[in-house]
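Below is one structure, written out as structure tokens; the observations come after it.
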Amino acid sequence: MALPRLLFLSLGGTITMVPTDSASGGIAPKLGAAELVASVPALAQTASIEARSPFKLPSPSLTIANLIEVARTINESFAAGFDGAVVIQGTDTIEESAFILDLLVPGDKPVVITGAMRGADAPGADGPANLLAAARVGASADARALGALAVLNYDIHAARFVQKSHTALPSAFLSPLVGALGVVAEGRPRFYARIARNPCLPIDAGPPGPIALVKVPMGDDGRQLKSLPDLGFVGAVIEAMGAGHVHADVAPILAELAAKIPVVLASRSMTGPVFEATYGYPGGEIDLINRGLIPSGYLSGLKARLLLGLALRAGSDRARIREAFRPYQ
Ligand code: ASP
């Protein structure tokens, strides 16, 4: 039987990094997708792979525009008959890239994103195992219709839930709200939970506008919020306290901001939904929603920022932005 056809796209990241000759003495991206694939012989028994390297960047230097380009390439490859895609990149922004691909690649074919916490030359490098696990998920019929998946350390995470939760360990990736959807064990992906896909957004839309992400600390008086429209931000996500709360004096500032640009209310807590109907004090979530803020549901501030930006890019008005967030409540 013919092997599934997978497109491997490498964007860079630690998985591609080796020591450089530069003065810094650190590691930097060097390897391309073809070298990564060649370094894991078992991949040849898993899939028929086409390897491309559109970027060789550390993932903090990736942009939303870069990921829109990646989503476009994947959509084109699926139309041309590929059965799945594996995206390789740095782990610092995997949770964001995965969610962009989730929103911009429609259909049932698996899109799997992976990386590594240890450099390609490091003892115990996790890159090869992650690449093989990602390919096995990408080639699996069981991975269809789940949207973009992040596969690291043998865990299979849904794009909308996954978060980088440690700076160093190969087990850095968690889905704190629901856990992983499954694992790769004995070389076979095993899914223990399934999720329904949420609506995608159009890929052919205007350029992404700047969306601010503001965390609210104790005693903050909201002065930076006032400057956001003048700085050119076209939307904002507020990581408020707990279930969606700010100091009472900041509430009118947020109301003023929400009259100018769409403002989404997320939480600075690691996980859990933003509330809508519990706290009645000034600056509580009922007050902020009544003042025009849109609750992010269970989406983290990082992911809410992407959904807001991509919805605005597609020309959505406030009612449609609210609709875009509804599946995540
Ligand atoms: N700083 C690296 C990056 O995101 C970390 C990694 O790949 O694990 O490119």
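For ligands, and for the atoms within them, numbers begin at 1 and follow the listed sequence.
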Close approach of Gly12 to ligand 1, heavy atoms, under 4.0 angstrom: no

Ligand 1 contact on Met17 by region, counting heavy-atom pairs under 4.0 Å: side chain

Proximity to ligand 1 by part of Pro29, non-hydrogen separation under 4.0 Å: neither

Check: Arg291 side chain, Ala258 main-chain N or O, donor-acceptor pair, under 3.5 Å: no

Min side-chain heavy-atom separation Ile238-Leu225 under 4.5 Å: yes

Contact check: Pro60 vs ligand 1, nitrogen or oxygen atoms, below 3.5 angstrom: no

Contact (N/O only, under 3.5 Å) between Gln89 and ligand 1: no

Residue of the set Gln89, Glu96, Glu95 for which side chain to side chain donor-acceptor pair (under 3.5 Å) holds with Thr93: Gln89

Shortest protein contact, [atom] (heavy atom only):
atom	value
atom 8 (O) of ligand 1	Thr91 OG1, 2.4 Å
atom 2 (C) of ligand 1	Thr14 OG1, 3.3 Å
atom 1 (N) of ligand 1	Asp92 OD2, 2.8 Å
atom 9 (O) of ligand 1	Ser59 N, 2.8 Å

N-O pairing of Arg326 and Glu323 below 4.0 Å: yes

Note: Asp142-Arg190 ion pair, threshold 4.0 Å (strictly below): no

For Gly13, the ligand 1 atoms whose distance to one of its heavy atoms is below 4.0 Å: 7 (O), 9 (O)

Ring-ring centroid check His245 Phe275, cutoff 6.0 Å: no

Spacing of CG belonging to Asn130 relative to CG belonging to Leu152, to within rounding of 0.5 Å: 5.0 Å

